[in-house]
Trainee: 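I have a structure here, written as structure tokens, and I will follow up with some questions on it.
These numbers come from a predicted model, not from an experiment. All chains are named by letter (A, B, ...) in the order of the sequence lines, taking the proteins before the strands, and each is independently numbered beginning at 1. These values consider heavy atoms only, across backbone and side chains, with no hydrogens, waters or symmetry-generated copies.
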2 protein chains.
Amino acid sequence: MKPVTARCDSVWSVATIRELARLCGVSPATVSRVFNNPEVVNAKTREQVLRTARQIGYLPNESARTLATKKSFMVGLLWDTDHRRPGWRHPFFQEILIGLKTALSGRGYHLLMLATSGEHTDDAYVRAARRHNLDGVVMIDSGTSDPSLRHLAESGVPCVSLDRPVQGPRATYVTSDNVGGARQAVRHLHEQGRQAIATITGPAHTRPGAERLQGYQEELALLRLPYRPEHVAEGDFYVTGGEAAMRRLLETDERPDAVFVAGDEMAVGALRAIAEAGLKVPEDIAVVGFDDIEVAALVPPGLTTIAQDKDGFGAAAAEALVSMINGADAPPARILPTTLVVRGSSTPSI
Amino acid sequence: MKPVTARCDSVWSVATIRELARLCGVSPATVSRVFNNPEVVNAKTREQVLRTARQIGYLPNESARTLATKKSFMVGLLWDTDHRRPGWRHPFFQEILIGLKTALSGRGYHLLMLATSGEHTDDAYVRAARRHNLDGVVMIDSGTSDPSLRHLAESGVPCVSLDRPVQGPRATYVTSDNVGGARQAVRHLHEQGRQAIATITGPAHTRPGAERLQGYQEELALLRLPYRPEHVAEGDFYVTGGEAAMRRLLETDERPDAVFVAGDEMAVGALRAIAEAGLKVPEDIAVVGFDDIEVAALVPPGLTTIAQDKDGFGAAAAEALVSMINGADAPPARILPTTLVVRGSSTPSI
DNA sequence: CATCTCGCTGTAACCGGTTTCATGGACCGT
DNA sequence: ACGGTCCATGAAACCGGTTACAGCGAGATG
């Protein structure tokens, strides 16, 4: 017997359905119908049941309900915030989370942030998800081992992944138009008269990192600007990585006069490195970030950035998930458009 | 019949305990024991059951388990992120959330972010919490109506509230030493030679708002500095409120040479208002914030601030909760110490 | 009046676990 | 050979809902 086991003799969930039924002089089945199919039960009985239920504070037990119906009205969030992998302990996802919660909440679904209960195996999350009869799953940073996740996605559970493609009968993903956004950024810098446009990328193995680099390259080509490998520095999506990457860029033979940074956190680091080098933004170097997280607006001179539709992420994820839960096939991936937000870091006029 | 109801014919939760039992030629009871009291079952049978379980991918159904044991290993998060009340859609709580999740996760508890399922009554959260056999509850911004929350707290469910006192047999709260922190801030400003120290407070009806004001007043008195009501401006804990409040302070007859701002978000707004007025930080006005959220380090010239122990919040909340879940009485409130973090906004030397 | 329909309700099985209690056998000492 | 422990296990009730199916009475129809 585990010593941890608790004694919880509280008034937690008082009345059962049978008790309520007895008080009303009806059968449990009728009470159940009052709550699930109100229209099939006689108006008079229905009222009486509802009244009595209110009086004794009856609340249906969701575990029992889930057991019987196999619907939990819970959506799992697979998000490694701890251990080894840096995960995405990133402000962007924190900002998304609330939107996601709100969107799901509005559709009647709870959001379960799963624990791995100590067992740090690769599929701990997946196992936890399956145990709980989750109606669906949202995955943030599916850095979690691909095999087990694929297993999850392929098992038919509705899955929505953020920023990373998944395959499965009921799986889809939502992401921003990273390529297009990067191109917007480069084009904007070019329109400001910049010629030597460098970039700081995310880790190459991440999807957004790769796509934003691709957009950068595409737009350079389109604008017939030369592509210089030494003007590409890889960061880590965080401030320090951006700072380090910027320093490297500043040491190159031909110093860039603009830099597209594939994440606002890194852009803040870049700003810092530039200031440290005694250079001015935007006069000496223009900077454009990506994400439009809160700091972007707050850090002087104001960070021009490619805004991701953060509320859109949550909304799109919730919508796709719920439609699949209701039996629809997996909708195509949602690629959310990005918006250029011009602030002081790219144009002197502001 | 609701049209929303879904068809989920997937391989979700395949095998039942009886099936596994049959395959092993034992009774369901034995299988159950293998997972819950491994030591009481014969080593040989145990191994065989475990092996077979692995083979067929058996996973116990948590709903059934919860139904039988009344333990869900889930902790509810009561957090109004949406509707009317501005709630605390605040970066500080986003930063805390991850710590909380991690701390609970490490102790084997899942975190359930409850939906109010459309019914925007005051006790929607409370009702939702009770239905789910939650082992405990964490409340962020208990702006949710006091009566229903009190009901919850008094019903014996382990409750931990953040930043707001609660009463109940199994209820406690964790908060920062707001009074002490505010005093640190004022003292620090005084040590920098400032004499006219103003303050921007949080909304008066919030606990942290009130306490930080109190600390400000106490320390002024201790330092024998005059208390001027016109040097107290109320903000809303967000950037815009801080900005507006600062403008008001700048219009007062005797312009302050320092300001203690009861929240970093507001402090950023204050910095902006000061810059707008053509004044310099820290030369003309020194600024000290509260929270030490991420922006504090990033906004020039660096915001001196009173750091709250964000990881400590999550850890303390999880610890208190779990101890109560395990049957302990409510531990006394945890008042976390704050730390002065000196950056450029209060001292020219840095 | 017999029968058919329809609206409402009850009976009972079931969802998938846990747990109490009883039991059977092995082993021990006398 | 016998009674007493102890260990390992099984039978069955239970947790609190849902739901297929059957039944019943009232009103409509032939």
Side-chain angles (χ1 to χ4, degrees), chain A residues 1-2 5-9 11-49 53 56-73 130-134, chain B residues 1-2 5-9 11-49 53 56-73 130-134:
Chain A
M1 184 57 87
K2 298 209 190 105
T5 312
R7 167 116 310 99
C8 189
D9 40 33
V11 219
W12 211 200
S13 196
V14 263
T16 76
I17 201 174
R18 295 182 217 272
E19 196 162 10
L20 177 54
R22 194 178 46 72
L23 285 174
C24 299
V26 300
S27 78
T30 300
V31 175
S32 174
R33 283 186 277 254
V34 166
F35 291 105
N36 300 309
N37 280 50
E39 62 278 5
V40 310
V41 37
N42 179 290
K44 204 145 179 182
T45 357
R46 193 199 314 148
E47 296 312 323
Q48 197 216 335
V49 169
I56 69 173
Y58 167 76
L59 289 175
N61 179 318
E62 289 297 331
S63 305
R65 200 192 254 255
T66 298
L67 179 58
T69 61
K70 275 130 178 44
K71 246 189 111 20
S72 62
F73 285 98
R130 295 186 50 201
R131 293 162 152 250
H132 281 274
N133 281 114
L134 297 182
Chain B
M1 185 59 88
K2 297 207 191 104
T5 314
R7 167 117 310 100
C8 190
D9 39 33
V11 217
W12 210 202
S13 197
V14 263
T16 77
I17 201 174
R18 294 183 219 273
E19 198 162 8
L20 176 55
R22 194 177 46 73
L23 285 174
C24 299
V26 300
S27 79
T30 299
V31 175
S32 174
R33 283 187 276 253
V34 166
F35 291 105
N36 300 310
N37 282 49
E39 62 278 4
V40 310
V41 37
N42 179 290
K44 205 145 180 183
T45 357
R46 192 198 316 146
E47 295 313 323
Q48 197 216 334
V49 168
I56 68 172
Y58 168 76
L59 288 176
N61 179 319
E62 289 297 332
S63 305
R65 200 192 256 256
T66 299
L67 179 58
T69 62
K70 274 128 179 46
K71 247 189 111 18
S72 62
F73 285 97
R130 294 186 50 201
R131 293 161 151 251
H132 281 273
N133 282 113
L134 297 182

Trainee: For a quick check of understanding: with a heavy-atom distance under 4.0 Å over all strands, which category does B:V31 fall into, base, sugar-phosphate or nothing?
Mentor: nothing
Trainee: State which of D:dG16, C:dG17, C:dC8 makes the closest approach to the side chain of A:N61.
Mentor: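 Output: D:dG16.
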Trainee: Where the side chain of A:N42 is concerned, which of C:dT9, D:dA8, D:dG10 is the nearest nucleotide?
Mentor: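 The answer is C:dT9.
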Trainee: Tell me: CG of B:N37 to C1' of C:dT19, nearest whole Å?
Mentor: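 After rounding, the gap between these two atoms is 10 Å.
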Trainee: In terms of side-chain heavy atoms of A:R18, which of C:dG16, D:dG16, D:dG10 is nearest?
Mentor: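 The closest nucleotide is D:dG16.
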Trainee: How is A:T45 classified with respect to the nucleic acid when contacts are heavy atoms under 4.0 Å: base, sugar-phosphate, or nothing?
Mentor: sugar-phosphate
Trainee: Choosing from C:dG10, D:dA11, D:dG17, which nucleotide comes nearest the side chain of B:A29?
Mentor: D:dA11
Trainee: Side chain of A:N36: nearest nucleotide among D:dG17, D:dT18, C:dG17?
Mentor: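 For the A:N36 side chain, the nearest candidate turns out to be D:dT18.
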Trainee: Do B:R131 and D:dG17 have a side chain to base donor-acceptor pair shorter than 3.5 Å?
Mentor: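 Under the 3.5 Å cut-off, the side chain and the base do not form any donor-acceptor pair.
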Trainee: How is A:T30 classified with respect to the nucleic acid when contacts are heavy atoms under 4.0 Å: base, sugar-phosphate, or nothing?
Mentor: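 Contact class for A:T30: sugar-phosphate only.
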Trainee: Select base, sugar-phosphate, or nothing to describe what B:T66 touches, counting heavy atoms under 4.0 Å on all strands.
Mentor: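 The answer is nothing, as B:T66 stays clear of every strand by at least 4.0 Å.
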Trainee: Return yes if the base of D:dG16 and the side-chain atoms of A:R65 contain a donor-acceptor N/O pair under 3.5 Å, otherwise no.
Mentor: no
Trainee: Taking the side chain from B:R46 and the backbone from B:P38, do they hold a donor-acceptor pair closer than 3.5 Å?
Mentor: yes
Trainee: Short question: side chain of B:T66, backbone of B:E62 - any donor-acceptor pair under 3.5 Å?
Mentor: yes
Trainee: Heavy atoms from C-beta onward define the side chain here; which of D:dT9, C:dG16, D:dG17 lies closest to that of B:V41?
Mentor: D:dT9
Trainee: Picking from D:dT19, C:dC15, D:dG10, which would you name as closest to the side chain of B:R33?
Mentor: D:dG10
Trainee: Please determine, for the side chain of A:A64, which listed nucleotide (D:dG17, C:dT18, C:dG10) has the closest atom?
Mentor: D:dG17
Trainee: With a 4.0 Å cut-off on heavy atoms, is A:S32 in touch with a base, just the backbone sugar-phosphate, or nothing at all?
Mentor: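 It contacts base atoms.
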Trainee: Have a look at A:V40 and tell me which of A:N36, A:N42, A:N37 forms a side chain to side chain contact (heavy atoms under 4.5 Å, CB included) with it.
Mentor: A:N37
